[in-house]
Amino acid sequence: MDMEAKVKSFLSRYINLDDLENDTNFFELGMVNSLFSMQLVMFLESNIGIELNNDDIKMDNFKSVNAIVKLIKDKKAV
Amino acid sequence: MKEYDSFRIKCREFVFSYIEPYASLNDTREELDDSVVEAMKRAGYFGAMIPQEYGGLGLNNMQIGILICEIGKSCSASRSLLTVHGMVALAILKWGSDTQRKKYLPKMATGDIIGAFALSEPEVGSDANAIQCTATSFEDNYIINGTKKWITMSKLADVLLVIARLEDKPTAFLVNTKSVGVSATPIRGLMGVRASMMAEWEFNDCVVSYEEMIGNKGMGFAQVGLYSLDYGRYTIAWGNVGACMACLEAATDYSRKRKQFGVPIGKHQLVQKLIAEMVVQTKAAELLCINAAKLKDEKDADSIMETWNAKYFSSCAAKRVVDNAVQIMGGNGVIHGSVVERMYRDVKISEIIEGSNQMHEILIANNIFNNNYN
């Protein structure tokens, strides 16, 4: 499974992705609750294997499928 | 669970020797006996949740659950000490800088520094994003002003994890309780968990070094606070299981010995009904906690919601189980000094703290309606 598919598989547990584009900001649309960012951090660290630091924790990195995939690629490139 | 039997026995022996003898006294005096705190230090339990590299015991979540459960069987207030201390320690571990981790965690592991979590305010409870306490930048420091209320174990604490608004964004800070501009007013007269050693804290131009901010600006509630509260809910859930077990044991023992109509009351079917409810509620609550523990140890993102489920169910179960125990024990269950009388008051508190049951219901239901598409 490629990275985008992994991310979508995770997100589909919390968000209906059927009508979403990869760059849709699901925070702005109110599609996730306050716990989602915690769940996303756990997924990225335990399932994807990247370690997030405080500077990574910002809306721009989590707001869409594309943003999350970019964050993963950037972290894995370091 | 068999693999944890020896650990459970060790915890049980500790509680029997050092917690149980003071549980009722703590409740009456509305403070933890010094010997409880000292015993926890000697046993290393302040470092239960802290990795060994920082001098802690590095227990896994299942072990933490067992420890908390055994303490919860005896004394809810002693349990709450490890809850709030762990909330601060884990926030530092997860979101703190290397400097903060090295400064705080080794001393928190030994109990030389005790932490308390300061989020609630006189006018702010469930709506935590509405906190009014402020932090403003001043040279290399932050100046904190405002009031925090209902801060559990803060009379014992050396450091508070304070959530305040920095440029209007909730942000977390570590504040030494002996700082200039910080003052505490003890809160006494609680209905339950009376030895919580709560206080209301006033911050009046309290100067905090810029090095004492945890995480970044704006992360105070959404990341740091929620992370701490997740551990809080997890340990409260296990504490509830302990309360259920203690009350089941007390009511069963009583039902065997107490005779009415010429037979032990446990022979009467309506008492058996009460006991049956207690057995199943206790086991169900424990299983939800075990499920949360396993998911946490696997670092599964579902552990967060499962912890909400465990805390919600266990607090409801504990209330019902304790109520049944009091009902079975009658006059002997409502007199001061009875374990079930104390726990009857204590478990009510668990329906309020770390998210009221109503907040749990809203979040659990919305998680199904809005978010779960699998």
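Here is how names work: the chains are called A, B, and so on, in the same order as the sequence lines, proteins then strands, and each is numbered from 1.
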Quiz item: Can you name the closest pair of heavy atoms from B:Ser126 and B:Met359 and give their distance?
Solution: OG-CG, 3.5 Å
Quiz item: Of the backbone (N, CA, C, O) and the side chain (C-beta and beyond), which part of B:Leu226 lies under 4.5 Å from a heavy atom of chain A, both, or neither?
Solution: both
Quiz item: Given a strict heavy-atom distance threshold of 4.5 Å, which part of B:Ser97 is in contact with chain A: side chain, backbone, both, or neither?
Solution: neither
Quiz item: Which atoms of B:Asp302 come close to chain A, meaning under 4.5 Å heavy atom to heavy atom: side chain ones, backbone ones, both, or neither?
Solution: both
Quiz prompt | Most contacts with chain A, counted as non-hydrogen pairs under 4.5 angstrom, among B:Lys299, B:Met305, B:Glu298 | solution = B:Lys299
Quiz prompt | For B:Tyr54 against B:Lys102, the heavy-atom pair lying closest together | solution = CE2-N, 4.5 Å
Quiz item: Side chain, backbone, both or neither: which part of A:Asn53 has a non-hydrogen atom closer than 4.5 Å to chain B?
Solution: neither
Quiz item: Taking all non-hydrogen atoms of both residues, which atom of A:Lys63 and which atom of A:Phe27 are closest, and how far apart?
Solution: CA-CD1, 3.8 Å
Quiz item: So what's closer than 4.5 Å to chain B heavy atoms on A:Phe10: side chain, backbone, both or neither?
Solution: side chain
Quiz prompt | Donor-acceptor pair between B:Tyr104 and B:Glu212 side chains, under 3.5 angstrom | solution = yes
Self-check item: Sidechain-backbone polar pair: A:Thr24 side chain, A:Leu20 backbone, donor-acceptor under 3.5 Å
Solution: no
